[in-house]
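Beneath this line is the structure, given in structure tokens, with notes to follow.
Everything quoted here is computed from the prediction, not taken from an experiment. For this chain, numbers begin at 1 and follow the sequence in order.
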Amino acid sequence: MEVGDGVDSESKSQRRVGLLYDERMCKHSTPDGEPHPENPDRIKVIWNKLQAASIPQRCVLLDAKEAEDKHILAVHSQNHVNLIKNISSKQFDSRRNRIASKLNSIYLNEGSSEAAYLAAGSAIEVTERVAKGEVDSAVAIIRPPGHHAEEDEAMGFCLFNNVAIAASYLLNEKPELLIKKILIVDWDVHHGNATQKMFWKDPRVLFFSVHRHEFGTFYPATDDGFYTMIGEGPGSGYNINVPWENSQCGDADYFAVWEHILLPVTKEFNPDLIIVSAGFDAAIGDPLGGCRITPHGYSVMLKKLMNFADGKIVLALEGGYNFESIAKSMLACVEVLLEDKPILGSSVAYPFESTWRVIQAVRKKLSAYWPSLADELPEELTNRKAPPAVYVPNSSSDSEAEEDDESQKVSEHLEEVLQDIIEPLSKLKVAESNQDHAACNSNTWRSELSKVDIWYAAFGSNLWLKRLLCYIEGGQVDGLQKPCVGSVDKTSPKEIMWKTFPYRLFFGREFSLSWGPGGVAFLDPESNSQDKTYICLYRITLEQFNDLLVQENHEGYVMSSPLFDLTALNSVTVEEPHSLQVRLEGWYRNVVYLGKEHDIPILTMTCTPSEIEGFKSGEHALCAPAINYANMIVRGLVEGKQLSQEEAMAYIQEASTKGL
Ligand code: Q9C
Ligand code: ZN
């Protein structure tokens, strides 16, 4: 280490980070206080989290500003600007709801205009400060979000396209700042449809979006987010979409995209400034996104981008609907910008096979424009993939020990640490196939998880002990279409107890493999507290719980590694109800933590939050249970001495007729 290095790194460790938050952006809310995922508390919880971590005092606090019409008009129509300007005025009181209802996923109130102008103006403000070099980087905690807002139409919770307005402002109004090329990285889980269109033919803006797409079925549900959409005319090659084929993408999938698409292209493009459309709805725990980026994942993704554009980078908030996830993710990002901590943490091991497929398709499509994408990825790299739809646990305890060790190191080692964690997957050598590895691990994980007790919370047919025992001991009860294989560990539950929970029981789907025609039971753990559901808690091991997960979701699936391991248990027990989806197809793949009983975690399994949304919207059918299935539940409640026969029938009746 050189002499003076200490002083130097100390001054460097206080990179100037602009931070903008203004409570006035909370004024945009649903007109009658109806619950909505895009609500004012989102930015409040982020701000509170940063305050609790003493972040604001270490940043340069910037003031929110209302955008000027002439700047908004660079990307929006006069019509649209007029609408958003006037929508909150008295004269619109009677028409506001009607106008909102004609738009796609939009609400409006008296505070909407001001919030929209502030969000756009604040995006301009932070971006200009970074461009001028007054701060090194900046974060704008703004709402409403922007990336869905089209030239002439509000949609997807977005009124003005904040990021597009800020980028256009620098390019068109501030040539003296010499920002000639801007990279927009849109890591919100949804495609940035509007930003894409606004710079479609513009080579000054490289728009990159990675999002759930699922072949045009995920919001905004068009083909626009497909990888074939690369821009047009002079903008050809300056639009890059990475469309996920499935939910549950996490750190490993995003790191692979960074390594093999975004970073090489960014190097070639050599932007003067980077703006991140920083939605945190691809975060683990998000109710709309269904992806699994950890705060650690976000910090790595951001850190990697800081190597370009001379570190000039702006984060503008877009979506993100789980308070805890967005607060933690944003905190992780600001800490990276302040550059005061080594990046620690761990992620699942491998990307999905579908991720490699998508990466290869993108690279091929864009290789004519970006030579760095031209090479075909080596097979020993793309071979390393997570089995489809299987939760991949955090690796060995060895690696955790190493990470602890790393935490002792100081910030100048950040780069090396980073490289060690995520750098070239391509440098890894292939020692054995996934299967070999898994087989020799199987006994280890089973013995490990057999030592951990959990309460399995049953609310459907498993309320009946006899039926539940089929999943443990194997076998069949009347009404079940075929016998169950049971758990590897056939020990009966150590304890059984009953409780009620303030969540909603409902019945959905028209058919199940287990029962034939008729709906099956689901729990909506986000529902409101007037609801009451009878739940039977079975004390079983985490190993048995994994065997239950398989039987409920994917009969015959061979589980070579646990679907829900200790890492998953730790990540889910942060708050209740908190859920985590396992990588398994099936209607009960969402594991929900419901708190503790005698200090032992309570876990249940139900459908995913997005499926619950689907049931609410009518996309999935609600359906009363068939008589054999209903009888099973009634029997459980009666034999468990919770309700009389009549009461139990009325209880099922109510749950199957009440709308969601
Ligand atoms: N069935 C942002 O994250 N979902 N917007 C509508 C209709 C709209 C998300 C679902 C999601 C918009 C900024
Ligand atoms: Zn989003």
Side-chain angles (χ1 to χ4, degrees), residues 17-29 38 40 42-44 46-47 56 59-89 106 108-132 134-135 137-151 154 157-174 176-177 179 182 184 192 194-195 198-199 205 273 275-279 312-319 330:
V17 177
L19 183 60
L20 187 150
Y21 170 76
D22 191 315
E23 231 182 57
R24 287 177 291 166
M25 283 177 280
C26 295
K27 290 190 196 163
H28 170 64
S29 65
E38 203 293 281
R42 296 175 58 238
I43 56 173
K44 279 188 199 157
I46 292 175
W47 182 246
C59 295
V60 179
L61 299 184
L62 301 175
D63 291 328
K65 296 211 169 106
E66 291 200 12
E68 291 177 42
D69 284 355
K70 62 177 180 206
H71 299 144
I72 302 173
L73 285 166
V75 300
H76 289 291
S77 66
Q78 186 68 57
N79 255 342
H80 183 68
V81 172
N82 292 346
L83 176 73
I84 301 302
K85 186 204 296 285
N86 296 324
I87 198 73
S88 296
S89 65
I106 288 291
L108 298 163
N109 74 337
E110 322 76 58
S112 300
S113 303
E114 187 183 1
Y117 273 87
L118 283 169
S122 299
I124 293 180
E125 172 68 9
V126 294
T127 313
E128 185 170 13
R129 298 278 179 175
V130 171
K132 284 183 171 157
E134 294 174 14
V135 290
S137 59
V139 170
I141 307 166
I142 54 178
R143 66 178 289 275
H147 71 156
H148 296 308
E150 296 276 11
E151 177 188 5
F157 317 157
C158 301
L159 301 181
F160 287 143
N161 193 329
N162 310 313
V163 163
I165 291 167
S168 301
Y169 172 81
L170 286 188
L171 294 172
N172 301 330
E173 308 286 327
K174 294 281 158 183
E176 67 275 20
L177 296 180
I179 303 296
I182 297 180
I184 297 178
T195 316
M198 287 160 177
F199 302 110
V205 175
L273 181 115
I275 309 180
V276 182
S277 254
K312 286 188 167 54
I313 189 159
V314 170
L315 264 62
L317 183 66
E318 297 278 2
M330 188 60 107

(request) Take V139 and V126 through the test side chain to side chain contact (heavy atoms under 4.5 Å, CB included) and record every step on the way to the result. (result) CA-CA 7 Å; V139 170; V126 294; over 6 Å; no

Do you know which two heavy atoms are closest between [X] and [Y], and how far apart they sit?
{"X": "D69", "Y": "Y117", "value": "OD1-OH, 2.8 Å"}
{"X": "E318", "Y": "S277", "value": "OE2-OG, 2.7 Å"}
{"X": "C59", "Y": "V17", "value": "CB-O, 3.2 Å"}
{"X": "G319", "Y": "P145", "value": "N-CB, 4.3 Å"}
{"X": "A149", "Y": "M198", "value": "O-CE, 3.3 Å"}
{"X": "I142", "Y": "A316", "value": "CD1-CB, 4.1 Å"}

Flag the pair [X] / [Y] as yes when at least one side-chain heavy-atom distance between them is below 4.5 Å, and no otherwise.
{"X": "I72", "Y": "Y169", "result": "no"}
{"X": "M25", "Y": "S122", "result": "yes"}
{"X": "L19", "Y": "V135", "result": "no"}
{"X": "E128", "Y": "L177", "result": "yes"}

(request) Please lay out, stage by stage, how D63 and E125 fare under the test side chain to side chain contact (heavy atoms under 4.5 Å, CB included). (result) CA-CA 8 Å; D63 291 328; E125 172 68 9; 5.8 Å; no

(request) Specify whether F160 and H76 have parallel, tilted or perpendicular ring planes, treating 30° as the upper limit for parallel and 60° as the lower limit for perpendicular. (result) tilted

(request) Tell me, with the steps shown, if S168 and H71 meet side chain to side chain contact (heavy atoms under 4.5 Å, CB included). (result) CA-CA 8 Å; S168 301; H71 299 144; over 6 Å; no

[X] side chain to [Y] backbone, donor-acceptor under 3.5 Å:
{"X": "R24", "Y": "G111", "result": "no"}
{"X": "S137", "Y": "V314", "result": "no"}
{"X": "S113", "Y": "S88", "result": "yes"}

(request) Output, in order, the C-alpha distance, side-chain angles, deciding distance and verdict of side chain to side chain contact (heavy atoms under 4.5 Å, CB included) for D22 and W47. (result) CA-CA 9 Å; D22 191 315; W47 182 246; over 6 Å; no

(message) Using 0.5 Å steps for rounding, measure from the CD1 atom of I87 to the CD1 atom of I106.
(response) 10.5 Å

(request) Any chance you could measure L20, atom CG, to L317, atom CG, to the nearest 0.5 Å? (result) 11.5 Å

